[in-house]
Every structure is written in C-alpha cells, then in structure tokens.
Amino acid sequence: MRIVSICPSNTELLEYLGKTEWLVGVDDYSDWPESVNQLPRVGPDLSIDIDKVAALEPDLVLASLSVPGMEKNIEGLKEKGLPFIILNPNTIEEIGEDLVTVGEAIGIEAEARGRKEEFLQTITIYRNKAEELKDRPSLYWEWWPKPIFTPGKANWLTEISELAGGYNIFRTETEANVKTDWDDVLERNPDHICMVWVGVKEEKMNPALVKKRPGWMEMPAIKEDRIHVLEESLYCRPSPRLLEGLKKLAELLHPETEWN
C-alpha cells in the first residue's frame, strides 16, 4: 500500500501501528521515526504541495485538521480526487480511536484495535498512580510566547497534566487552544512553567525571555527555577508519542514515585 502523511502526528501514529514502511511521502515537519527522513517531502503541513502528493500516486493520504489553516489541504485533495481520511483528535481517547480509524483504512483493523488497547492500558496505569498522589502541582503550558497561546480544557495536555500528577492552570477554559496574556498567567501563578513552543526546537527556546516579562520574576516557579524547556514533539502532537512525554513529565513532577 502507498500512503502519504501530511502531518507529523499522523506519521507517528502510523509508526505506532508498525506500518511506516508503507509511507511513500511525508510533510516537511515529520521527523520521527528516523527512517521517514529519507522519504520525499510534500511541503509544510499548513501548505502542502498537492501536485507532489498526487505524483506519488498514493492509495491513501493521512490528512489532518489539528492546526487552523489545514483546511486548504483538504480542499486540494478533493480537487485532485485523491483518497484521504482526516484525523483531528483533541483527547487521548480520540487518539486511541484514530488508531482504529487508520487501521480500518489500511486493512489492519484487528492489529490496530490491539494497539489501541495497549495505548489505553498504559494511560490507565498512570491514571491509577496519579490518583494516589496528594501533592498536585499546577502547570502552565506555553505553546506560543507572544501572543500567548496555551492549551485549555478540551486538549490532550490537560489530560497529560493530570495523568502525570499535576493540573493545567487553564483547564478552566473550555476551548482546546486559549489565547491569553502575560498578566493572566502571572495571576494564576503556576508551580511549573512548561515551554513547548510549537515548531521550535528546544535549543532555540530561551527561558531568559520568560523571566523578563513584567512581574514574572516574583513567581515562585521562576524564583525556584521551575521553568522547563520540553520537546514540543512529545507534547504538541496528538499521537501515541505522548506516552513518552507523559513518562518524562511524571518523573519530573514526582521523581519519588515509581511510575512503571
């Protein structure tokens, strides 16, 4: 089967299903597993070159609506008459459901259902451990610095926060993606600041910039050096790789706890 993935999380989901060998092309930002770096590129995920996709003669395109602006990719696929499915999960349960959706589309439904169960079983282990914890620190996730964007209630990072034994300070906001400002974050006074700027590598994120914001040096999180530069690829993509991010976060927040 010939598959083209036009979003990094879809590429990672296919790897979790053990079928990346069926990929014949990926978007510019897909970077895991390492093997996909040898594949033809079809453009950035917000501006896919549909002609390049069509030239690869795919049996299926794994499309996405996980980022605003991806709609034009869908229109392009329709215009070319290419076969595609759309994935757009916001929650961990929906990521599990997407495993089955892709499995059905590529003819491995039974295997996909098994992988979904493994994925959710791991989540259950963390949920049970987290429920035993008394101390639950508050987390501020920074997706983008100016203007500030941060995940709200309807987003997987609120779930990941709770599974790791903490909570997202913006879980009070119903939407998945919240636009706010520096004063709002300061008032909420998180115990930990988690920098995961979308599309930015860790080495290019500078905690010193966060410390310069008006009033932020008074936050205990900054005074006590609880600013964490985390891999955005492990937290900002709705794929089963979130399990790796969850493990790192749980050990960061509660190093004294046996999570495995």
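For the numbers below, each heavy atom of this structure counts, side chains included, while hydrogens, waters and symmetry mates do not. Fair warning: this is a prediction, and the values are worked out from it, not measured in the lab.
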Residues Glu173, Arg188; criterion salt bridge (charged side-chain N to carboxylate O under 4.0 Å, His left out); working and verdict: CA-CA 13 Å; Glu173 310 306 308; Arg188 293 175 189 245; 3.0 Å; yes
Trace of the salt bridge (charged side-chain N to carboxylate O under 4.0 Å, His left out) decision for Arg237 with Asp31: CA-CA 12 Å; Arg237 301 176 182 177; Asp31 56 7; 2.9 Å; yes
Could you walk me through whether Glu251 and Lys247 pass salt bridge (charged side-chain N to carboxylate O under 4.0 Å, His left out), step by step? CA-CA 6 Å; Glu251 292 173 351; Lys247 182 177 186 294; 2.9 Å; yes
Where do Lys223 and Glu218 land on the salt bridge (charged side-chain N to carboxylate O under 4.0 Å, His left out) test, with the steps shown first? CA-CA 7 Å; Lys223 286 182 177 180; Glu218 298 307 309; 3.7 Å; yes
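Looking only at side-chain heavy atoms (C-beta outward), Ser239 and Tyr16 stay at 4.5 Å or farther from each other. At a threshold of 4.5 Å between non-hydrogen side-chain atoms, the residues Glu159 and Leu242 do not count as touching. Counting heavy atoms from C-beta outward, Lys153 and Thr172 have side chains that stay 4.5 Å or more apart. Contact check for Ile48 versus Val53: side-chain heavy atoms found under the 4.5 Å cut-off. The shortest side-chain heavy-atom distance between Glu111 and Arg115 does not fall under the 4.5 Å cut-off. Put simply, the side chain of Thr122 does not reach to within 4.5 Å of the side chain of Leu120, judged on heavy atoms. Contact annotation: the side chain of Tyr235 never approaches that of Trp156 to less than 4.5 Å [non-hydrogen atoms, C-beta and beyond].
The backbone N or O of Glu258 sits less than 3.5 Å from a side-chain atom of Lys129, completing a donor-acceptor pair. The backbone N or O of Asn177 lies less than 3.5 Å from no partner atom in the side chain of Asn155, so there is not a single donor-acceptor pair. Without hydrogens or angle criteria, Ser30 side chain to Val26 main chain gives no donor-acceptor distance under 3.5 Å. Side-chain N or O atoms of Asp191 include one that pairs as donor or acceptor with a backbone N or O of Ser138 at under 3.5 Å. No donor-acceptor pair under 3.5 Å is formed between the side chain of Asp59 and the backbone N or O of Met1. In terms of modelled atom types and a separation under 3.5 Å, the side chain of Glu71 and the main chain of Gly69 share a donor-acceptor contact. Without hydrogens or angle criteria, Glu104 side chain to Glu109 main chain gives no donor-acceptor distance under 3.5 Å. A donor-acceptor pair under 3.5 Å is formed between the side chain of His254 and the backbone N or O of Gly165. A side-chain donor-acceptor contact under 3.5 Å links Arg136 to the backbone of Ala130. Of the possible polar contacts, one joining the Glu94 side chain to the Asn90 backbone as a donor-acceptor pair under 3.5 Å is found.
Checked by atom type, the side-chain pair Glu142/Trp197 shows a donor-acceptor distance below 3.5 Å. Side-chain contact annotation: Thr150 with Trp144, donor-acceptor N/O pair under 3.5 Å absent. Side-chain contact, Arg241 with Ser9: no donor N or O sits under 3.5 Å from an acceptor N or O. Using modelled atom types and a 3.5 Å distance limit, the side chains of Ser5 and Thr11 yield a donor-acceptor pair. Using a 3.5 Å distance cut-off with no hydrogens or angles, the side chains of Asn10 and Ser64 do not pair a donor with an acceptor. Side chains of Thr158 and Asn168: a donor-acceptor N/O pair is present below 3.5 angstrom, by distance only.
Here the straight-line distance linking atom CG of Leu39 with atom CG of Asn37 works out to 8.5 Å at 0.5 Å rounding. From Ile106, atom CD1 reaches atom CG of Leu17 across 5.5 Å, with rounding to the nearest 0.5 Å. Here CG of Asn128 is found 11.5 Å from CD1 of Ile123. Values are rounded to the nearest 0.5 Å. In this structure, Cys194 SG and Ile227 CD1 are separated by 10.5 Å, a value rounded to the nearest 0.5 Å. Atom CZ in Arg171 sits 14.5 Å away from atom CG in Leu157 (nearest 0.5 Å). Lys52 contributes atom NZ, which lies 11.0 Å from atom CZ of Arg41 (distance to the nearest 0.5 angstrom).
A salt bridge between Lys201 and Glu231 is absent, with no side-chain N of the basic residue lying under 4.0 Å from a carboxylate O of the acidic one. Using a cutoff of 4.0 Å between basic side-chain nitrogens and carboxylate oxygens, Glu117 and Arg113 are not scored as salt-bridged.
The environment of Glu97 atom CD is dense: over 12 non-hydrogen atoms of other residues, nucleotides or ligands sit within 6.0 angstrom.
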